[in-house]
Amino acid sequence: MTKFGLKIFISWLFGTLLFAFPSFAAQIDGLRIGQNSTGARVVFDADANFDYKVFTLSNPNRLVIDTQNVEVTSKAVNSLQKNDFVSNVRTGPTGVSGVRIVFDLLRPIVVKKAFMLKPASGFAWRFAIDVETVTEKDFIAQVGNAYAFNSKDYQQSASSQSVAKSSSDSAKKNALRRRIITIDAGHGGIDPGAIGYSGTYEKNITFAMAKELKAELDKNPHYKVYLTRSRDIFIPLRDRVKISRKNNSDLFISIHADSARNRKATGLSVYTLSEEASDKEAAALAEKENKADIVAGIDFSKEEKLVSDVLLNMAQRETRNFSSEFAGLLSWQMSKIVKTVSNTHRFAGFAVLKAPDVPSVLMELGYLSNPTEEKQLKQKSYRQKLVAAAVRAINKYFENNKH
Ligand SMILES: [Zn+2]
């Protein structure tokens, strides 16, 4: 072959190769799961909207999403975090230009809703699937029922529908403004909280951790961080919620440390609000933490209504999903560096998590009743590890929710 002929051959080869590559209309490059007490939301990040069909299959139980002209990156597949709903995700071709995304289910579910969220302020598209836990019998009954949608049916960003962020103007500002984080050091003043194996007060551990977490977050110019208390004083639980709302917080983190009669009990846990507790331990813990006000001689059992608005329910549901998403990220980061309790993310009726419009989580750093964990929690170097993991979770959460 002449030099010229070779050139032609090469350009022909490359031309053919280029045409041989399928052109994708959209690329999915992120995947995350937020859990709550009754179900979960699966969210995909994509650079464009796309048509999809969602359905379930049995034997083994699977959740399936069929799409057209969509590329699912390995980054998206690999970003699946450990959760209670699906064990893994895989993709494969279907039809002429289709891609099938398959989740293996850990429990029977139904698809309640699937929808596309329009990008807010120039940020990516999100495709969300809300699922709810059901009995195996109910799962079987609806296997194969497809939830098919056209890419033209999409919603505005859910956050721009919520009470706090109602106009598109404020959504635009959201993209630019600093994220506001309120950190709540549990207990204080007259209320010492749990008392450790060798007499350590919970209120001192929570305060040290809160200050250290603030100091670390303050290094990031994109964050504005507040503490609910900056000294050893008593603040009623509902006032902590009020402070969080008054600060216009994007995230509220309440820090605690547990104690148990069983000195062997150890491990960190993360909680979000739910009327129904995920288990007896979580219910008992919420009851104990909610007694903080009574300890100080105040009884706010008849809580005043925080907000009265027809949109309240919607905002609460949305807030719960964000809280769950952050709790999942926090549990995951913590589980990588310290011992966590099984089912690290749990749910119960904590009074301090009741702001309807601020995603809120409560973290129990460990058990002060356990001599080893008490000693560790008193060490700044140990707390610094927890701080670093919390910062990673916070960064990831705001990266995921740029709208
Ligand atoms: Zn506490």
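In each ligand, atom 1 is the first atom listed, and ligand 1 is the first ligand listed. Scope of the values below: all heavy atoms of this structure, side chains included, with no hydrogens, waters or symmetry mates.
Excluding waters, the count of protein N/O/S atoms less than 2.8 Å from the Zn ion (ligand 1) comes to 5.
Classified by interplanar angle (parallel below 30°, tilted 30° to 60°, perpendicular above 60°), the ring pair F326/Y397 is perpendicular. Taking the six-membered ring where the residue is Trp, F127 and Y52 present tilted rings, their angle falling between 30° and 60°.
With a 6.0 Å radius and a threshold of 12 heavy atoms from other residues, nucleotides or ligands, K246 has its NZ atom at or below the threshold.
Under the 6.0 Å distance and 45° angle rule, K224 counts as a cation-pi partner of Y226.
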Dump the intermediate steps for ring pair (Phe, Tyr, Trp, His ring centres under 6.0 Å) on F103 and F85, then the final yes or no.
CA-CA 9 Å; F103 290 97; F85 287 83; over 10 Å; no
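Take I140 and apply the side-chain contact (heavy atoms from CB on, under 4.5 Å) test, not counting sequence neighbours, and it matches S58, E136.
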